[in-house]
J.: 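Please find one structure pasted underneath; my questions will follow.
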Number of protein chains: 2
Amino acid sequence: MAKRPVELGEAELAVMRVLWDEGPLTVRDVMTRLHERGRVVAYTTVLTFLTRLEQKGVVASNKRDTAYVYRARITRQSVSASRIRTLVDQLYDGAAAPMLLQLIENERFSLEEIAQLRKLIDDLDSRNES
Amino acid sequence: MAKRPVELGEAELAVMRVLWDEGPLTVRDVMTRLHERGRVVAYTTVLTFLTRLEQKGVVASNKRDTAYVYRARITRQSVSASRIRTLVDQLYDGAAAPMLLQLIENERFSLEEIAQLRKLIDDLDSRNES
DNA sequence: GGTTGCCTACTACCGATGTCGTAGAACAAT
DNA sequence: ATTGTTCTACGACATCGGTAGTAGGCAACC
């Protein structure tokens, strides 16, 4: 656990999102999906991203027919967790609570989400009691 | 409103944190505070940071005696909010709830913090009822 | 009134990231 | 075989952020 925080840039993340959402894809497919999402980049740019991401160990590839097919090797959740941690460290010196409070105050949540949240907090309580 | 999110790097944020925490300071004071926090950088490095931050419009300075005194022009909360928004957009397509749940699950909170959180959620309820 | 010390301005350099172009392999179509 | 398409490999270049050195101004000190 606790692997070093692989830094992913904004464009690299966009590529990861495509892989997370639409499974293993070729370079060309990734490019197409990026275009569909409004991010117009050249084929070789996407290739560069995927190559770099593979070097960072966050995607893997295997050849199918003529082209390589790439897939994510890390989960969206793990990236999310690490980004949150970074944010908390960089803005609140590691104290998650103020960040959490801010998040709740700034973003809008539906009633269902609030209910879900409340349940989660109850779970937290019992976890702490043990 | 909604100025584009001024990008601040990790070291720049460390400088901002010092200014947020300890009010208007000279370059030398900022450097000292950074050293106290374990971030050992040269005087001119701090000067560079402050100059760049001023160019980005996030700090302001005025001369007092011989040296300039710098102060933050944006709040920690505004940076935090914008960072959170970016994160939520980039990882969860703008849905804050999954992110919030993840934050709660991954970070540890004290009983007091949980209580505070619960109170905040009750406030959310009443806000939604209106 | 030269030396010491602090301050700002300017310049530089490196690594990471975003972005492509070109070259060459492999295969398909003519 | 020649032409064309599609891939990968490799290199290039700009920008930004982190880090710092050097130069020149001014005040204080001895």
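Values below: all heavy atoms of this structure, side chains included; hydrogens, waters and symmetry mates excluded.
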J.: In whole Å, what is the span from the CD atom of Glu54(A) to the P atom of dC10(D)?
T.: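 To the nearest whole Å, that distance equals 13 Å.
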
J.: Taking only N and O in the side chain of Lys56(A), is any of them less than 4.0 Å away from OP1 or OP2 of dT17(C)?
T.: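 Yes.
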
J.: Given dA20(D), dG17(D), dT8(D), which nucleotide is nearest the side-chain atoms of Glu7(B)?
T.: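 Looking only at side-chain atoms, Glu7(B) lies closest to dG17(D).
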
J.: Looking at every strand, decide which applies to Thr51(A) at a 4.0 Å heavy-atom threshold: base, sugar-phosphate, or nothing.
T.: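 Here Thr51(A) touches no strand at all.
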
J.: Would you mind telling me which residue lines up with the more 5' stretch of DNA chain D, Tyr70(A) or Arg52(A), judged by nearest nucleotide?
T.: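 Residue closer to the 5' terminus by nearest nucleotide: Tyr70(A).
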
J.: Would you classify Phe49(B) as touching base, sugar-phosphate or nothing, given that sugar-phosphate means primed atoms plus P, OP1 and OP2, and contacts are heavy atoms under 4.0 Å?
T.: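 Contact class for Phe49(B): base.
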
J.: Using atom CE of Met31(A) as one end and atom P of dG18(C) as the other, report the distance to the nearest whole Å.
T.: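 Result: 18 Å.
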
J.: Please report the closest heavy-atom contact between Val41(A) and His35(A), naming both atoms and the distance.
T.: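 Where Val41(A) meets His35(A) most closely, the heavy atoms are O-NE2, 2.8 Å.
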
J.: Please state how far atom CG in Leu13(B) lies from atom C1' in dC16(D), giving the value in whole angstrom units.
T.: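 In whole Å, dC16(D) C1' lies 15 Å from Leu13(B) CG.
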
J.: Honestly curious: do Val69(A) and Leu50(A) fall in one hydrophobic cluster under the side-chain, below-4.5 Å linking rule?
T.: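 Per the 4.5 Å side-chain linkage, Val69(A) and Leu50(A) are not co-clustered.
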
J.: Near Arg73(A) CZ, under 6.0 Å, is it more than 12 heavy atoms from other residues, nucleotides or ligands?
T.: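 Counting other residues, nucleotides and ligands, CZ of Arg73(A) stays at 12 neighbours or fewer.
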
J.: Does the side chain of Glu22(A) come within less than 4.5 Å of Val30(A)'s, by heavy atoms?
T.: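 Not in contact.
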
J.: Using the side-chain heavy atoms of Thr44(A), tell me which of these nucleotides is nearest: dT19(C), dT8(D), dG21(C).
T.: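 Output: dG21(C).
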
J.: Should we count NZ of Lys119(B) as having more than 12 external heavy atoms under 6.0 Å?
T.: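 For Lys119(B), atom NZ is not crowded (no more than 12 foreign heavy atoms under 6.0 Å).
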
J.: Let's see if you can work this out: which of dC7(C), dC20(C), dA9(C) has an atom nearest to the side-chain heavy atoms of Tyr43(B)?
T.: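 Among dC7(C), dC20(C), dA9(C), the one nearest the side chain of Tyr43(B) is dC7(C).
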
J.: Assign each of Lys63(B) and Ala42(A) to its nearest nucleotide of DNA chain C by heavy atoms, then name whichever residue's nucleotide is nearer the 5' end.
T.: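 In this pair, the answer is Lys63(B).
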
J.: Please report, rounded to the nearest Å, how far the P atom of dT19(D) is from the NE2 atom of His35(B).
T.: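 Atom-to-atom, His35(B) to dT19(D), this comes out as 11 Å.
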
J.: If I compare all heavy atoms of Tyr68(A) with all of Ser61(A), which pair ends up nearest, and what's the gap?
T.: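 Looking at all heavy atoms of both residues, the closest pair is CD2-OG, 3.8 Å.
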
J.: Using whole Å, report how far CD of Gln55(B) lies from P of dT8(C).
T.: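 Spelled out: CD on Gln55(B) to P on dT8(C) is 15 Å.
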
J.: State which of dT8(D), dC7(D), dG18(D) makes the closest approach to the side chain of Ala11(B).
T.: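 From the listed options, dG18(D) comes nearest.
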
J.: Between Arg85(A) and Asp89(A), does any NZ, NE, NH1 or NH2 come within less than 4.0 Å of an OD or OE carboxylate oxygen?
T.: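 A salt bridge is present here (some side-chain N lies under 4.0 Å from a carboxylate O).
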
J.: Go through dG18(D), dC20(C), dC7(C) for me and flag the one nearest to the Thr45(A) side chain.
T.: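 Per side-chain heavy atoms of Thr45(A), the pick is dC20(C).
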
J.: For the hydrophobic clusters of this structure (ILVMFWY residues joined by side-chain heavy atoms under 4.5 Å, transitively), does one cluster hold both Val18(A) and Trp20(A)?
T.: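 Per the 4.5 Å side-chain linkage, Val18(A) and Trp20(A) are co-clustered.
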
J.: Mind listing the residues from residues 22-29 of chain B sitting with a heavy atom below 4.0 Å of DNA chain C? Number order is fine.
T.: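 Hits under 4.0 Å, by residue number: Val27(B), Arg28(B).
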
J.: Figure out the OH/P separation between Tyr68(B) and dC7(C), and round it to whole Å.
T.: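 Taking OH of Tyr68(B) and P of dC7(C), I get 13 Å after rounding.
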
J.: Starting at atom CD of Glu10(B), determine the distance to atom P of dG15(C), rounded to an integer number of angstrom.
T.: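 My rounded result for the distance is 18 Å.
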
J.: Nearest whole angstrom, please: distance from the P of dA23(D) to the CG of Leu47(B).
T.: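 Distance, rounded to whole Å: 17 Å.
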
